[in-house]
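Here the structure comes first, spelled out in structure tokens, and everything after it is commentary.
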Amino acid sequence: MKITCIGAGYVGGPTMAVIADKCPDIDVTIVDLNAQRIAQWNDDDLSNLPVFEPGLSDVVAKTRNRNLFFSTDVENAIREGDIIFIAVNTPTKTYGVGKGMAADLKYVELCARQIAEIAHGEKIIVEKSTLPVRTAQSLKTILSNNAKNLSFQVLSNPEFLAEGTAVQDLYHPDRVLIGGDQTPEGLKAIETLTSIYARWIPRERIIQTNVWSSELSKLTANSFLAQRISSINSISALCEQTGANVSEIAKAIGTDSRIGSKFLQASVGFGGSCFQKDILNLVYLCRYFNLPEVADYWEHVIKMNDYQKRRFANKIIETLFNSVSGKKITCLGWAFKKDTNDTRESAAIYVTTALLRDKAEIHVYDPKVTPEQIYADLDYMKQHHRSNDMTGIAGDMTTKELKDLVHVHNEPYEAMDKAHAIALLTEWEEFSSYDWEAIYNKMYKPAFVFDGRNLLQKDKLSKIGFEVYTIGN
Ligand code: NAD
Ligand code: UDX
């Protein structure tokens, strides 16, 4: 048996590396149109892999060129693969119908058309990308209208890994979900895919459903997770007005086994490529199916997240005497969470944009994110953000002006030297081990710290002399 995966990104790369590790008798080929990305996956120097994930380089080192291959030859991989995973990106549309809400399925459609053109014989096509419910129907329509001599089944097998813990999540998932047609052929395909995962995952954790339930479970899971964060963040605002402490509340409610303790960490706002995109997609689907009340309900999770990011940025501006113009603000962290180099939808991008709008001078340090990525994020924000409220620097600031105001450092102390304020935006653990006394001595006074992750020890910093703001306290 041979496996092909189209899309060598944050999902395709780690997922297939783990399958290759657990199934040494199966050849796994990951293909991508992006030649640079493939070259990075093939780089002898494993620190150059395009995806940073703890433990990933070890799995790649073990499997690469044994039974795991990275290639740009999409056609050949489609021809050879018995099971073809589609793990391409499905971002929010930035144009036309559904702009700013619906998932852009053009990359998925392209895969289906290419498979239809090239594939012969029997194939199982697996939706690994997160897709709106009923996408499998569109794939089937494209395949059956264009393919020749192809007998195929479409399965939905959404991925639940979280970045930063992807390798761990893939080896020990809470569950694997496989949806397919409830016909003899569909059930056989479900069983074929199940038997692969069953090599390392107990069968009782492999959930089999119909294809629509599987597709919709993924959007639902992400919406529920994000909703918990928006819920606790909404309470953090109330805490700040009342003297209650959001961390104490999270503990108090989280010990109720019906609520559970995970995903109750108040923050500057959730980021990442999935939560916002998937909820917007769910909202779009609800409106499409004429369920406005359901759409409004879920849309509020996003609105609360926008509010939290805006509230944090405004807090900085207000505290610094209502203007940050010309002041040096240091952002510690740019990634959307720790242990990843991914910055998509990171709260740092929004907070920085708001501060730039107030003419701050921004200095950034992140242990894993490159300067090119940071400038690209700000540029993208200028053009594409769905809310006018957030596209503050659009139009009136050129890329050159942006670069003049945003400085990226590869060393944290230099980034904080002579700063007016520090905004901690990603919970990288190294931030708590810095020499905060030395940092204080080199900052303008009053020296402000805005801890968007409640990572630092507030009492310790206050003792040194810092003015400290934490979320929900
Ligand atoms: P990504 O952008 O990191 O990777 C997608 C890759 O697909 C890119 O390298 C792109 O060049 C490639 N690609 C696009 N069209 C192609 C084509 N026609 N042929 C060959 N290659 C093509 O995206 P990702 O983060 O890996 O996400 C992929 C999907 O998985 C999305 O639907 C996402 O919602 C879902 N997902 C992501 C995560 C996550 O944590 N990132 C978790 C679960 C699910
Ligand atoms: C998420 C889902 O967790 C995962 O199952 C799905 O497959 C993809 O989307 P990911 O976005 O990679 O994973 O990371 P996650 O750990 O969920 O964090 C998302 C965002 O929420 C981050 O910005 C994180 O900092 C934030 N967060 C998370 C909080 O602010 N508070 C929390 O309690 C948890």
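Just follow the structure's listing: the first ligand is 1, and inside any ligand the first atom is 1.
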Exercise. For Tyr95 and Asp104, does a side-chain donor sit closer than 3.5 Å to a side-chain acceptor?
Worked result: yes
Exercise. For Lys338, is the nearest heavy atom under 4.0 Å from an atom of ligand 2?
Worked result: no
For this session: Give the residue and atom name of whichever protein heavy atom lies nearest to atom 20 (C) of ligand 2, and the separation in Å to one decimal.
Result: Gly271 O, 3.5 Å
Seminar exercise, completed: A student checking ligand 1 against Cys111 at a 4.0 Å heavy-atom cut-off should list atoms 18 (N)
Problem set entry | Ligand-side contact atoms (ligand 1) for residue partner Lys218, heavy atom cut-off under 4.0 Å | 43 (C)
Problem set entry | Test side-chain contact (heavy atoms from CB on, under 4.5 Å) applied to Ile329 and Ile316, Ile317, Ile422, the passing residue | Ile316
Seminar exercise, completed: The protein heavy atom nearest to atom 12 (O) of ligand 2 is Glu163 N, 2.7 Å
For this session: Please state which part of Leu110 comes within less than 4.0 Å of ligand 1, counting heavy atoms only: side chain, backbone, both or neither.
Result: side chain
Exercise. Looking only at heavy atoms, is any part of Asn222 under 4.0 Å from ligand 2, and if so is it the side chain, the backbone, or both, or is it neither?
Worked result: side chain
Exercise. Do side-chain atoms of Asp21 reach the backbone of Ala17 as a donor and acceptor pair under 3.5 angstrom?
Worked result: no
Problem set entry | Geometric class of the Trp436/Tyr434 ring pair [parallel <30°, tilted 30-60°, perpendicular >60°] | tilted
Problem set entry | Side-chain donor/acceptor of Glu127 to backbone N/O of Ser129, under 3.5 Å | no
Exercise. Can you tell which of Phe160, Phe263, Phe270, Phe275 gets a heavy atom nearest to atom 19 (C) of ligand 2?
Worked result: Phe275
Problem set entry | Residues Ser47 and Asp45: side-chain donor-acceptor under 3.5 angstrom | yes
Problem set entry | Options Gln308, Gln265, Lys262, ranked by nearest heavy atom to atom 32 (C) of ligand 2, top entry | Gln265
For this session: Return yes or no for this condition: an N or O of Gly272 is under 3.5 Å from an N or O of ligand 2.
Result: no
Exercise. Any idea which protein heavy atom is nearest atom 1 (P) of ligand 1, and the distance to it?
Worked result: Arg37 NH1, 3.6 Å
Exercise. Between Lys128 and ligand 1, is there a nitrogen or oxygen pair with a distance under 3.5 Å?
Worked result: no
Exercise. Think Lys128 forms a cation-pi with Phe85, using NZ or CZ under 6.0 Å from the six-ring centre and within 45 degrees of its axis?
Worked result: no
Exercise. What atoms of ligand 2 come within less than 4.0 Å of a heavy atom belonging to Leu161?
Worked result: 4 (C), 5 (O), 6 (C), 7 (O), 8 (C)
Problem set entry | Heavy-atom check, side chain of Ile83 versus side chain of Thr4, under 4.5 Å | no
Exercise. Just by distance, do the side chain of Gln227 and the backbone of Val301 share a donor-acceptor pair under 3.5 Å?
Worked result: no
Exercise. Which protein heavy atom lies closest to atom 7 (O) of ligand 1, and at what distance to 0.1 Å?
Worked result: Gly7 CA, 3.4 Å
For this session: Using distance alone, determine whether Gln114 and ligand 1 share an N or O pair under 3.5 Å.
Result: no
Problem set entry | For atom 31 (C) of ligand 1, closest protein heavy-atom neighbour | Thr90 OG1, 3.4 Å
Problem set entry | Nearest protein heavy atom with distance in Å, relative to atom 43 (C) of ligand 1 | Glu159 O, 3.1 Å
Problem set entry | Heavy atom of the protein closest to atom 27 (N) of ligand 2 (residue, atom name, distance) | Ile229 CD1, 3.4 Å
Problem set entry | Subset of ligand 1 atoms that lie under 4.0 Å from at least one heavy atom of Ala87 | 5 (C), 28 (C)
For this session: Indicate whether the side chain of Tyr350 and that of Glu345 have a donor and an acceptor atom separated by less than 3.5 Å.
Result: yes
Exercise. Short list, please: which atoms of ligand 2 are under 4.0 Å from a heavy atom of Leu225?
Worked result: 3 (O)
Exercise. What is the closest protein heavy atom to atom 37 (C) of ligand 1, and at what distance does it sit?
Worked result: Val11 CG2, 3.2 Å
Exercise. Quick one: does Phe336 get an N or O within less than 3.5 Å of an N or O on ligand 2?
Worked result: yes
Problem set entry | Distance filter under 4.0 Å to Leu161 heavy atoms, resulting ligand 1 atoms | 40 (O), 42 (C)
For this session: For ligand 1, indicate whether the residue Glu127 contacts it via side chain, backbone, both or neither (heavy-atom separation under 4.0 Å).
Result: neither
For this session: For the residue pair Asn233 and Ser230, confirm or rule out a side-chain donor-acceptor distance under 3.5 Å.
Result: no
Exercise. Between Lys368 and Phe52, is NZ or CZ placed under 6.0 angstrom from the six-membered ring centre and within 45° of the ring axis?
Worked result: yes
Exercise. Got an N/O contact under 3.5 Å between Arg453 and ligand 2?
Worked result: yes
Exercise. Does the ring of Trp41 carry Arg64 above it, NZ/CZ under 6.0 angstrom from centre and within 45° of its axis?
Worked result: no
Problem set entry | Exam field: side chain Gln308 to backbone Ser267, donor-acceptor pair closer than 3.5 Å | yes
Problem set entry | Distance-only N or O hit between ligand 1 and Arg344, under 3.5 Å | yes
For this session: Give a yes-or-no answer on whether the side chains of Glu299 and Tyr284 include a donor-acceptor pair shorter than 3.5 Å.
Result: no
Problem set entry | Protein residue, atom and distance nearest to atom 14 (C) of ligand 1, heavy-atom basis | Asn89 OD1, 3.3 Å
Exercise. Between Pro14 and Leu170, is any pair of side-chain heavy atoms under 4.5 Å apart?
Worked result: yes
Exercise. For Asp366 and Trp334, which heavy atoms make the closest approach, and how far apart are they?
Worked result: OD2-N, 2.6 Å
Seminar exercise, completed: of all protein heavy atoms, closest to atom 14 (O) of ligand 2 is Lys337 NZ, 3.3 Å
Exercise. Out of Cys274, Ala266, Ser267, Ala166, whose heavy atom is nearest to atom 9 (O) of ligand 2?
Worked result: Cys274
For this session: Mind telling me whether Phe450 and Phe312 have parallel, tilted or perpendicular rings, with 30° and 60° as the class edges?
Result: perpendicular
Problem set entry | Contacting atoms of ligand 2, where contact means under 4.0 angstrom from a heavy atom of Lys218 | 6 (C), 7 (O)
Problem set entry | Of the listed options Leu33, Asp169, Asp32, Val88, closest to atom 12 (C) of ligand 1 (non-hydrogen atoms) | Asp32
Exercise. What part of Thr130 sits under 4.0 Å from ligand 1 if we count only heavy atoms: the side chain, the backbone, both or neither?
Worked result: both
Exercise. Between Asn157 and Tyr197, is any side-chain donor less than 3.5 angstrom from a side-chain acceptor?
Worked result: yes
For this session: Just need the protein heavy atom nearest to atom 40 (O) of ligand 1, so name the residue and atom and give the distance.
Result: Glu163 OE2, 3.1 Å
For this session: Could you tell me whether ligand 2 has any atom less than 4.0 Å away from a heavy atom of Arg228?
Result: no
Exercise. Under 6.0 Å between the ring centres of Trp298 and Phe224?
Worked result: yes
Exercise. Does ligand 1 have a heavy atom under 4.0 Å from the side chain of Lys277, from its backbone, from both, or from neither?
Worked result: side chain
For this session: Pick one of side chain, backbone, both or neither for how Ser129 approaches ligand 1, counting any non-hydrogen atom pair under 4.0 Å.
Result: both
Problem set entry | Under 3.5 Å side-chain donor-acceptor pair for Arg311 and Ser236 | yes
Problem set entry | Where ligand 1 meets Ser273 - atom numbers and elements under 4.0 angstrom, heavy-atom basis | 41 (N)
For this session: Could you see which bit of Cys274 sits under 4.0 Å from ligand 1, with heavy atoms only: side chain, backbone, both or neither?
Result: side chain
